[in-house]
Amino acid sequence: MAESNVRLGHLPSIKSRSEFVSVDRAVEILRAGGLVALPTETVYGLAADADNELAVRKIFALKGRPAAHPLIVHLGDVQQLSHWAREIPKAAEQLAAAFWPGPLTLVLPKQPRVLDIITGGQDTVALRIPNHDLALQVLREFGGGLAAPSANKFGRLSPTTAQHVMSELGDGVDLVFDGGPCAVGVESTIVDLSSGAPSLLRPGGIPKEQIEALLGLKLGTAASQVRAPGTLASHYAPRAGLVLTTQDKLADEAAQRDLWGASVAVLSVQKPALPESIAYFALPHDPADAARTLYATLRNIDAQGFDVIVAVLPPETGLGLAVRDRLTRAAAPRDSVK
Ligand code: TXA
Ligand code: MG
């Protein structure tokens, strides 16, 4: 598919002629079984036709993702839900009505036709409608479901700009569609509604409190049976090591590593007094801002070649829970990536 190796510049959000051409091109590539990096409001996704097994295999090959790890199917319209899910509980209808298009993924019992490569052989399928104009235009013109994990190598940081995708996956993608920086910046919240009480599989772009308020119940925590790579201990990792500490110990922990000869970056909401040899990166006070900038900041730290990041977790309210989750996973021992 050499002639489809087009790279597009940033596109205006108004429907310019070039945007229509690009949406058409993306749909053409997807119909031909190719891979398109698509912007969403959370992170960039690596999209392929969810009904085309060979196309979906290309996602696994390019990401280096273990075969049994299931993918999220993205839809353009809530009407398509019953084509993928064989049961749609009332809670799913309520959540879809309140939060779609948006950063929420629902895990539901799958229709028999859904490919095993999508579900990891499980009886459930993860579904979401993303809230991004370009993604929705592509999905609606395409008409079917698009499997789209984050467009990064397995276990690494998710991309929040088209440039991140280009630098990490480059020529392996048939088209990188540039929709500007992602507005939410962390992945979707995943809620399992496939059996019994609703549970939170991954905190993300929709705060857990909002889901609980809407359903009028507390979400359970991840059922251990369900395979979700975003729930592996070490995931979403920068190249630099990451150490978590508390605000009172922050300056000492950083200074100690600096004395040992490491180049140290500090990441926290409050800036401590630090020796000049230690760099400080701010985690914004507002949890939504912290989420939006998290991955770009970690990539920036990596690009500057720091050996270690000493970080303080933000409070858990709102998107703070997702930021804490990603930083905690990034701090886990790296050999726990399976
Ligand atoms: O915001 C997002 O969700 C982004 C954008 C591109 O939409 N996508 C994303 O995909 O984060 P990925 O593949 O990096 O993470 C998908 C998560 C994984 O943790 C996966 O295991 C879980 O969804 N998942 C998929 N199908 C599942 C299922 N049937 N049961 C439980 N978890 C599932
Ligand atoms: Mg991912």
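When the side chain to side chain donor-acceptor pair (under 3.5 Å) test is applied to T189, no partner is found at least two apart in sequence or on another chain.
Counting only heavy atoms from C-beta outward, the side chains of L127 and T105 never approach each other to under 4.5 Å. Between P198 and L217, some side-chain heavy-atom pair lies under the 4.5 Å cut-off. Inter-residue side-chain proximity for L313 and L244 is flagged as met; some heavy-atom pair is nearer than 4.5 Å. Residues L219 and S199 have side chains not in contact (no heavy-atom distance under 4.5 Å, counting atoms from C-beta outward). Side-chain contact check for L327 versus L242: some heavy-atom pair is nearer than 4.5 Å. A 4.5 Å side-chain heavy-atom check between L108 and S194 finds every atom pair outside the cut-off. Considering only heavy atoms from C-beta on, P149 stays 4.5 Å or farther from I72 through its side chain. Using a 4.5 Å heavy-atom cutoff, the side chains of L81 and W100 are in contact.
Side-chain atoms of Y295 and E187 include a donor-acceptor pair closer than 3.5 Å. Using modelled atom types and a 3.5 Å distance limit, the side chains of Q304 and N300 yield a donor-acceptor pair. Side-chain atoms of S188 and R202 form a donor-acceptor pair, as typed in the model, at a separation below 3.5 Å. In summary, the side chains of T160 and R292 do not present any donor paired with an acceptor at a separation below 3.5 Å, with no hydrogens or angles considered.
Here the side chain of Q80 pairs a donor or acceptor atom with the backbone of G143 at under 3.5 angstrom. In this structure a side-chain-to-backbone donor-acceptor pair under 3.5 Å is present from R324 to P314. Side-chain atoms of D174 do not come within 3.5 Å of backbone N or O of G34 as any donor-acceptor pair. Between the side chain of R140 and the backbone N or O of G76 there is at least one donor-acceptor pair closer than 3.5 Å. Judged by distance alone, the side chain of S150 and the main-chain N or O of N152 form no donor-acceptor pair under 3.5 Å. Side-chain atoms of D258 do not come within 3.5 Å of backbone N or O of S263 as any donor-acceptor pair. Side-chain atoms of Y44 come within 3.5 Å of backbone N or O of G179 as a donor-acceptor pair. Of the possible donor and acceptor atoms, none in the side chain of K63 sits under 3.5 Å from a partner among the backbone N and O of L169.
Ionic pairing of R25 and E28 is present here: one or more N-O contacts between side-chain nitrogen and carboxylate oxygen are shorter than 4.0 angstrom. Ion pairing of R257 with D307 is absent here, as no side-chain N (NZ or NE/NH1/NH2) approaches a carboxylate O to less than 4.0 Å. Salt bridge E209/K218: absent, no basic N to carboxylate O contact under 4.0 Å. A salt bridge links E41 to R128: one of the charged nitrogens lies within less than 4.0 Å of a carboxylate oxygen.
Each of L274 and F281 belongs to its own hydrophobic cluster when Ile, Leu, Val, Met, Phe, Trp and Tyr are linked at side-chain heavy-atom distances under 4.5 angstrom. Linking Ile, Leu, Val, Met, Phe, Trp and Tyr whenever their side-chain heavy atoms come within less than 4.5 Å puts V73 and V191 in one cluster. Residues I301 and V266 fall into different hydrophobic clusters, defined by Ile, Leu, Val, Met, Phe, Trp and Tyr side chains chained together at heavy-atom separations under 4.5 Å. If you chain together hydrophobic residues whose side chains sit under 4.5 Å apart, L294 and V312 never meet in one group. Cluster membership for L259 and V308, using ILVMFWY side-chain heavy atoms within less than 4.5 angstrom, is not shared.
Taken to the nearest 0.5 Å, the NZ atom of K110 stands 5.5 Å off from the OG1 atom of T119. The CZ atom of R326 sits 10.0 Å away from the CG atom of L319 when rounded to the nearest 0.5 Å. If you take CZ on F177 and CG on L134, they are separated by 4.5 Å, rounding to the nearest 0.5 Å. Atom CZ of F306 and atom CD1 of I278 lie 10.0 Å apart (nearest 0.5 Å). Note: R156 CZ to L298 CG = 11.0 Å, rounded to the nearest 0.5 Å. Rounding to the nearest 0.5 Å gives a distance of 9.5 Å between CD1 of I29 and CG of L35.
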- Message: Determine whether E168 and R299 satisfy the following criterion, salt bridge (Lys or Arg N to Asp or Glu O under 4.0 Å), listing intermediate values before the conclusion.
- Response: CA-CA 11 Å; E168 193 161 321; R299 277 179 191 261; 3.3 Å; yes
- Item | Pair H285-Q270, side-chain contact (heavy atoms from CB on, under 4.5 Å): steps then yes or no | CA-CA 8 Å; H285 188 262; Q270 278 170 265; over 6 Å; no
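Checked against the 6.0 Å centroid threshold, F60 and H69 do not count as a close aromatic pair.
Smallest separation of non-hydrogen atoms from P238 and I309: CG-CD1, 4.0 Å. Of all the heavy atoms in S268 and L250, the pair that sits closest is OG-CD2, 3.5 Å. In terms of heavy atoms, G204 sits closest to V186 at C-CG2, 4.2 Å.
Other residues, nucleotides and ligands contribute more than 12 heavy atoms inside 6.0 Å of the NZ atom of K153.
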